[in-house]
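What follows is a set of notes on a single structure, which appears directly below.
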Protein chains: 2
Amino acid sequence: MSAIADVARLAGVAKATASRALSGRGYVSEATRLRVVAAAREIGYVASPNAASLVTGRTKNVGVIIPFISRWFFSEVLESLEQALLAEGYDMTLYNLPAASAERDSVFEYFLARKRFDGVISVGVALSEAEVDRLHRLGRPLIGIGGPIRDVHTIAIDDVATARLATEHLLGLGHVDVVHVGGDPIDEMDFRVHSQRLSGFYSAMRDAGRSTDRCFYPCEFSMPGGYEVGLSVLGDPRTRPTAIFAASDEIAIGVIVAARELGIQVPAELSVIGIDGHPYADMFRLTTLEQHPRRQGRLAVSALLTELARPTDADARLEEDGYLTVLPTNLVIRSSTSGPHRPRS
Amino acid sequence: MSAIADVARLAGVAKATASRALSGRGYVSEATRLRVVAAAREIGYVASPNAASLVTGRTKNVGVIIPFISRWFFSEVLESLEQALLAEGYDMTLYNLPAASAERDSVFEYFLARKRFDGVISVGVALSEAEVDRLHRLGRPLIGIGGPIRDVHTIAIDDVATARLATEHLLGLGHVDVVHVGGDPIDEMDFRVHSQRLSGFYSAMRDAGRSTDRCFYPCEFSMPGGYEVGLSVLGDPRTRPTAIFAASDEIAIGVIVAARELGIQVPAELSVIGIDGHPYADMFRLTTLEQHPRRQGRLAVSALLTELARPTDADARLEEDGYLTVLPTNLVIRSSTSGPHRPRS
DNA sequence: TTTTCTGCTGGAACCGGTTCCAGTAACAGC
DNA sequence: GCTGTTACTGGAACCGGTTCCAGCAGAAAA
């Protein structure tokens, strides 16, 4: 293919001058710049990023590690990351990390270890201490979404506070039998989301003077998961709660579908609230606390760019590293929640 | 960082020997190989893929262009692509291409034009002639999923035949008023999927001697899209069909949700069939034709690797290029379809 | 014994850019 | 007039690998 030497020859200048003309760094007279650009266009020259990054150390490439692609939150984040990075001229290399496995190790030991990235964005991955260390040792900026990760600037919502808000919404409507359906805290894959939302729920209940006995039902973090638990929790009319706080909109929708199948009126007989702001929420008239994954993605990219722009002054970095950007969630009230129509006992 | 020269020095050999020892190409005695490997491990040497690809021309990186990330089919394909590529030691660089736009042009003109990829996989993107040309001019293997793309090996299901199968299933059950709810063929973004499924539906109807008047309702290709159209199509009891073939499982589920809200029994009063094999299908007892996106992804990767392994003999390539791998779909019957319980007229 | 082959190694060129440094010309200030 | 600065350009080194080529043993073939 055509290299910059060909461009230089055609334009009648030295390689160095051609490089300056095309990259825009250093002195080049306007006349020669135009000549070089014309020559480049004429032979269809495209720069080799490999060669450039070999000497500059910059790759214009960002690595993204993410545990799921198909789940709503993650795919939204991913889309926004890709858009934001592309707009800044960065490529995005994607690593879909499942739970601890040989592949996972190979990503950390082999793929991430090579000097291919200017920075890394970690989305909602529960990282082991060793993995965090390894990432830090890369010496490249690292931004987290949904953290926190040790010594890493992380973008996240406050899961505890959000869960508390959701619970308080139900309690404020006058519900007594409030139940939480969410991910199992034992399943560490989902970061601390499960346990944090659970603890937000518990603390809101305790603050309201409610018992926290037998009011948490773990389920798979998906619509079928919510559906299944919904069927069993709502199955017995005598023990049926009047309100359910679901850890995600998908779970909430699964619960609503189960309720409808059982002939339970929502919200007359059962109030349901979720967290997410899922596009299906409107269709199921689901009251929810919206988090905004795309905004989180955009913020992560701009945080990364800020770190990249910062001159590599190791001391300043260590000092300022490890802070947290907490994003607000907002309550969107639809008609899946109301006061308890037929309060029992 | 440590370079291969450091390894060579430590092992007491030349750079060339160290390179051979670590890459496994060319003659190296077992004794020196071990010494080099030990030295590399000692100083934590990791090869720079940039430097290597600069001279070999191989980047061990594959570009993937895809129009959506959050839609089920696409996210499944993406996950399987990532896994398969990773297993083969390839990085995956992701481009999420929306409809025609400036960003889209920049991907083709700037990002893809650089020599960063060994190959490109295009997933369900409707490419313009100019874009196909540009990809071909890269001189790198190109594999499509959900094509066909001109002169490109493509993995796909037969959308026409699959739609025909779905329609025939409903007709075979004795349904007379069969309706198709699917994507608008005018919306070109989704490749030819919309129009192909529609034409498969039409041809099955015609073959069965049915009229094709007013039996297609375009909708957004999503669950809310199906829900909305479902409400309006099913709203009037006098014109209500007894069976609906939805172009995707998400649309089908939207229709089912609408039917349930309207108090219409499925399948007693309404049969619904979809296409996909979506994980929600089971929960809604949806009869569907499963396509297997993960298998499509895996096949695309192995096809790409085959092309990469092939010695670059331009003639042989041109000759063999442009064939199609058609994957079967399989009918999974659940309880959203049955014979018409109360046939009208 | 001489020649050929095989296994192994090192030196050097090379991939395609960027950047440092030296050098020149023009122009300002003294 | 001389010196200092500024704008611009070219030569060469360099990034970190891979690969070609030559050289050199020792073993096998003639």
Side-chain angles (χ1 to χ4, degrees), chain A residues 1-37 39-40 43-61 89 110 113-118 139-140 311-312, chain B residues 1-37 39-40 43-61 89 110 113-118 138-140 312:
Chain A
M1 298 299 145
S2 57
I4 201 171
D6 303 327
V7 177
R9 200 177 311 123
L10 184 59
V13 297
K15 265 174 64 180
T17 305
S19 172
R20 279 185 295 250
L22 293 171
S23 68
R25 273 182 292 275
Y27 290 119
V28 185
S29 79
E30 186 60 13
T32 54
R33 198 188 64 79
L34 289 175
R35 227 171 40 218
V36 170
V37 168
I43 61 177
Y45 168 76
V46 280
S48 156
N50 276 325
S53 44
L54 186 57
V55 45
T56 60
R58 289 277 165 122
T59 62
K60 281 285 185 176
N61 193 4
Y110 176 65
R114 303 174 305 170
K115 305 132 186 144
R116 236 180 199 175
F117 309 108
D118 288 344
R140 308 251 177 238
T312 31
Chain B
M1 299 297 147
S2 57
I4 201 171
D6 303 327
V7 177
R9 199 176 312 121
L10 184 58
V13 297
K15 264 174 65 181
T17 305
S19 172
R20 279 184 295 249
L22 293 171
S23 67
R25 273 182 291 275
Y27 291 118
V28 185
S29 79
E30 186 61 12
T32 54
R33 198 187 64 79
L34 288 175
R35 226 170 41 218
V36 170
V37 168
I43 61 177
Y45 167 76
V46 279
S48 156
N50 276 325
S53 45
L54 186 57
V55 46
T56 60
R58 288 279 166 118
T59 62
K60 281 286 186 176
N61 192 4
Y110 176 64
R114 303 174 303 170
K115 303 131 187 147
R116 235 180 199 175
F117 310 109
D118 288 344
L138 281 182
R140 306 253 178 238
T312 30

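Lettering follows sequence order; numbering is per chain, from 1.
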State which residues pass salt bridge (Lys or Arg N to Asp or Glu O under 4.0 Å) with [X]; sequence neighbours excluded, sorted by chain then number.
| X | value |
| --- | --- |
| A:Arg35 | none |
| A:Arg58 | none |
| A:Arg20 | none |

Please determine whether any donor N or O and acceptor N or O are separated by less than 3.5 Å between the side chain of B:Lys15 and the base of D:dG17. yes

If you round to the nearest 0.5 Å, how far is CG of A:Leu54 from OG of B:Ser48?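 B:Ser48 atom OG to A:Leu54 atom CG measures 6.0 Å (nearest 0.5 Å).
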
When rounded to the nearest 0.5 angstrom, what distance separates OG in B:Ser19 from CZ in B:Arg25? 7.0 Å

Round to the nearest Å and state the distance from [X] atom [atom1] to [N] atom [atom2].
| X | N | atom1 | atom2 | result |
| --- | --- | --- | --- | --- |
| B:Ile4 | C:dG10 | CD1 | C1' | 14 Å |
| B:Arg58 | C:dC15 | CZ | P | 18 Å |
| A:Asn50 | C:dT18 | CG | C1' | 14 Å |
| B:Lys60 | D:dT18 | NZ | P | 13 Å |
| B:Asp6 | D:dC15 | CG | P | 11 Å |
| B:Arg116 | C:dG17 | CZ | P | 13 Å |

Less than 4.0 angstrom between a side-chain N/O of B:Tyr45 and OP1 or OP2 of D:dG17, yes or no? yes

Side-chain N or O of B:Tyr27 versus OP1/OP2 of C:dC8: is the shortest distance under 4.0 Å? no

Is there a donor-acceptor contact under 3.5 Å from the side chain of B:Asp118 to the main chain of B:Thr59? yes

Closest contact, heavy atoms only, A:Ala21 versus A:Val28: N-CG2, 3.7 Å

Judged by nearest nucleotide, the residue sitting upstream toward the 5' end of DNA chain D, A:Leu54 or A:Thr32, is A:Thr32

Selection from D:dT9, C:dG17, D:dT18 that lies nearest to any side-chain heavy atom of B:Val55: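 Minimum distance to the B:Val55 side chain belongs to D:dT18.
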
Which nucleotide in the set C:dG16, D:dG10, D:dT9 lies at the smallest distance from any side-chain heavy atom of A:Val28?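 Output: D:dT9.
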
Give every residue pair that meets the salt bridge (charged side-chain N to carboxylate O under 4.0 Å, His left out) criterion with at least one member in residues 7-18 of chain B, sequence neighbours excluded. B:Asp6-B:Arg9

Hey, which sits more toward the 5' end of DNA chain C by its nearest nucleotide, B:Ala51 or B:Arg35?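 The answer here is B:Arg35.
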
Contact check, residues 16-25 of chain B vs DNA chain D, heavy-atom distance under 4.0 Å, returns B:Ala16, B:Ser19, B:Arg20, B:Arg25

Please give the angle, rounded to 10 degrees, between the axes at the start and the end of the helix from C:dT1-D:dA30 to C:dC30-D:dG1, where five pairs define each axis.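 Axis angle across the helix from C:dT1-D:dA30 to C:dC30-D:dG1, nearest 10°: 50°.
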
Run the side chain to side chain contact (heavy atoms under 4.5 Å, CB included) test on B:Phe117 and B:Leu138 for me, step by step, so that the C-alpha distance in whole Å, both residues' side-chain angles and the decisive distance to 0.1 Å come before the verdict. CA-CA 9 Å; B:Phe117 310 109; B:Leu138 281 182; 5.6 Å; no

What contact category does B:Val46 fall into here, base, sugar-phosphate, or nothing, at under 4.0 angstrom with non-hydrogen atoms? sugar-phosphate

